[in-house]
Amino acid sequence: MRKGVFEDLALKTLYASGSLSVLELSEKLCVSYGVANELYSSLRASHCCQTTGMVGTVAQIAITSEGKSRAVDLFSQCHYIGAAPVAFDSYVRQVRQQSAARRDVHLADVQRAFSHLVLDRETLRQLGTAINSGSSLFLYGPPGTGKTTIAEVVSAVLAEDDVWVPHAIEVDGQIITIFDPTVHKPVTNSQARNCDARWVRCHRPSILVGGELTAEMLDLQFNPVSKFYVGPVQLKANNGVLIIDDFGRQRIRPEEILNRWIVPLDRRMDFLSMSCGKKLEVPFEMLVIFASNFAPSELVDPAFIRRIKTKIKIGAVSDDQFFDIFCQVADKKGVRFDPSVPQRLIDYIHHDMKQELRSCYPLDIVDQVCWAARFDGKEPYVDRASLEQAIKAYFSQGPGESIASVA
């Protein structure tokens, strides 16, 4: 990266901080002491800072009047201060090296990650295949079948790996921030000695967006006040997982998303627009998961369906799976239940409601029982009476429908 970018950032940091030592300057810029000392020498030579004292062998420095004038001019161009950005080419190389597609996942890994869910072996195999592709996955099926939960567990499988994420990158003098503490989770006690502190070692990121997704969120966001860019969701999700939840119900039409990403999904590169009109080619190295209540053919054309590498329908569960889910939920919540209750609930859904069994029902029904028990000031227990009360509160029923009709 150009030395001038470092010097400008150092001067702005000095202006904003007042007097500080060269060591403190190195910490604020996330550069080595040697680099910070070179910057100090260069700024002093240009009369932008001066030495105010020494703490041992470390100089204490302050900005001069000439330096203040130059710093004000720099702030008018860009307000960014913080960790020094990394060169764009370095970022591209690192992202390619850390591609999620390079990680090998086996059946044992998937079984361990999904051990708290009730899924058949074939579905687990399909999910493992999708993870190994590091490309794209379309989960579809009716509401309440666990699509979002499955997508989040898939991201947890990949999160077992570590990746390096830069605080920011520099492109033609423009700053683009990448590291986001709400998305990127640093690995504790993992900083290697002599590493470049401009990079943060994190678990592979996972970002979930739903109905709030807009076209603007898929491109660089330039702040006209601070005058630097914030990376879009897919840039922050690089080397991790991006979940588009409830796909088909966003403020942006599905066709717009698909047209925007038809090339990135196929070629693993994206094009972002800068305010100057320049198109920036960036890596698109993540597993994209679409979760939808609609089948792919209802939302996208065949050309896009081909580019989504794996399609998995998450449908109704069997009676045995439903029973196992109910027992797991009750055990996790510490709620006792009459052994006949799971079958009574199954019969009600099948016979009275004429519906398939969905994996969300056990948790939702047990929650209803727990809430009612708290209201009554007693320990929750799922028996026939509490089950009927929960059903009436949870399901939309017609006149006269009741659990009592189930033998």
Side-chain angles (χ1 to χ4, degrees), residues 93-141 145-165 183-190 192 201-208 234 236-245 247 264-268 283-292 296 305-318 320-322 324-325 327-329 331-332 359:
R93 284 194 301 271
Q94 188 67 29
V95 170
R96 296 297 188 197
Q97 291 173 5
Q98 298 174 158
S99 172
R102 291 173 176 261
R103 189 184 191 281
D104 289 336
V105 172
H106 305 288
L107 180 60
D109 302 317
V110 178
Q111 287 177 325
R112 182 175 64 254
F114 285 89
S115 60
H116 62 297
L117 300 180
V118 179
L119 294 173
D120 59 78
R121 188 182 181 91
E122 180 57 29
T123 300
L124 290 176
R125 183 176 181 81
Q126 289 178 299
L127 290 169
T129 301
I131 294 172
N132 277 339
S133 77
S135 178
S136 53
L137 167 63
F138 199 114
L139 299 173
Y140 66 99
T145 52
K147 299 180 294 296
T148 303
T149 300
I150 290 171
E152 290 174 332
V153 176
V154 166
S155 67
V157 174
L158 288 174
E160 294 177 1
D161 277 357
D162 302 337
V163 294
W164 291 96
V165 179
V183 170
H184 301 107
K185 308 303 178 186
V187 178
T188 56
N189 303 321
S190 68
R201 190 176 180 183
C202 303
H203 298 290
R204 288 188 184 273
S206 175
I207 299 180
L208 186 150
Q234 69 270 27
K236 294 179 181 180
N238 257 332
N239 297 141
V241 178
L242 175 59
I243 303 171
I244 312 296
D245 196 27
F247 183 58
L265 285 172
D266 195 38
R267 302 186 182 179
R268 294 184 181 275
F284 192 85
E285 289 285 356
M286 73 209 73
L287 175 62
V288 182
I289 303 179
F290 299 92
S292 179
I305 292 177
R306 181 180 66 81
R307 287 170 171 82
I308 299 178
K309 302 304 181 184
T310 307
K311 280 77 72 176
I312 304 176
K313 182 177 181 179
I314 308 297
V317 296
S318 67
D320 289 342
Q321 288 176 319
F322 190 91
D324 290 344
I325 294 171
C327 292
Q328 281 190 9
V329 168
D331 180 67
K332 184 177 181 180
S359 56

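Source: prediction; values computed, not measured.
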Under 3.5 Å, side chain of K147 to main-chain N/O of G141, donor-acceptor pair present? yes

Answer whether the closest heavy-atom distance between the side chains of M286 and V241 falls below 4.5 Å. no

Check: N132 side chain, V105 main-chain N or O, donor-acceptor pair, under 3.5 Å: yes

Under the criterion side-chain contact (heavy atoms from CB on, under 4.5 Å), I'd like the reasoning laid out for I150 against F114: C-alpha separation, chi angles, the key distance, then a yes or no. CA-CA 8 Å; I150 290 171; F114 285 89; 3.9 Å; yes

Applying side-chain hydrogen bond (donor to acceptor under 3.5 Å, both in side chains) to T148 and not counting sequence neighbours gives D245

Strictly below 4.0 Å, N to O, side chains only: are R103 and E160 in salt-bridge contact? yes

What one should report as the nearest heavy-atom pair of G128 and V110 is CA-CG2, 3.8 Å

In sequence, state the C-alpha distance, the side-chain angles, and the governing distance for E122 and Q126, and then conclude on side-chain hydrogen bond (donor to acceptor under 3.5 Å, both in side chains). CA-CA 6 Å; E122 180 57 29; Q126 289 178 299; 4.5 Å; no

S99 side-chain N/O to G134 backbone N/O, donor-acceptor pair under 3.5 Å: no

L137 and L127, any side-chain heavy atoms less than 4.5 Å apart: yes

Go through L287 and L242 one step at a time and tell me if the side-chain contact (heavy atoms from CB on, under 4.5 Å) criterion holds. CA-CA 6 Å; L287 175 62; L242 175 59; over 6 Å; no

If the plane angle is over 60° it's perpendicular, under 30° parallel, otherwise tilted; pick one for F290 and F138. parallel

Please report the shortest heavy-atom distance between S135 and L265, naming the atom on each side. OG-O, 4.0 Å

Run through D161, V163, L158 and flag the one making a side-chain contact (heavy atoms from CB on, under 4.5 Å) with N239. V163

Less than 4.5 Å apart, side chain to side chain, heavy atoms only: is that true for Q94 and Q98? yes

Within the structure provided, determine whether I131 and T129 are in side-chain contact (heavy-atom separation under 4.5 Å). no

Tell me every residue that passes side chain to side chain contact (heavy atoms under 4.5 Å, CB included) with R96, counting only those two or more places apart in sequence or in another chain. V92, R268, M269, P283, E285

So, does D162 use its side chain to make a donor-acceptor pair with the main chain of R201 at under 3.5 Å? no

Main chain of I314, side chain of T145: is a donor-acceptor contact present, judged purely on distance under 3.5 Å? yes

Donor-acceptor pair, S136 side chain versus V288 backbone, under 3.5 Å? no

Sub-4.5 Å side-chain heavy-atom contact between L124 and Q111: yes

Who are the side chain to side chain contact (heavy atoms under 4.5 Å, CB included) partners of D331, not counting sequence neighbours? none

Heavy-atom check, side chain of K311 versus side chain of L139, under 4.5 Å: no

All ring-ring contact (aromatic ring centres under 6.0 Å, His included) counterparts of H184, not counting sequence neighbours: F179

Of all the heavy-atom pairs spanning S206 and I243, show the shortest one and how long it is. OG-CD1, 4.2 Å

Residues which pass side chain to side chain contact (heavy atoms under 4.5 Å, CB included) with Q321, listed by chain and number, not counting sequence neighbours: V118, D120, V317, S318

H116: side chain to side chain contact (heavy atoms under 4.5 Å, CB included) partners, not counting sequence neighbours: V153

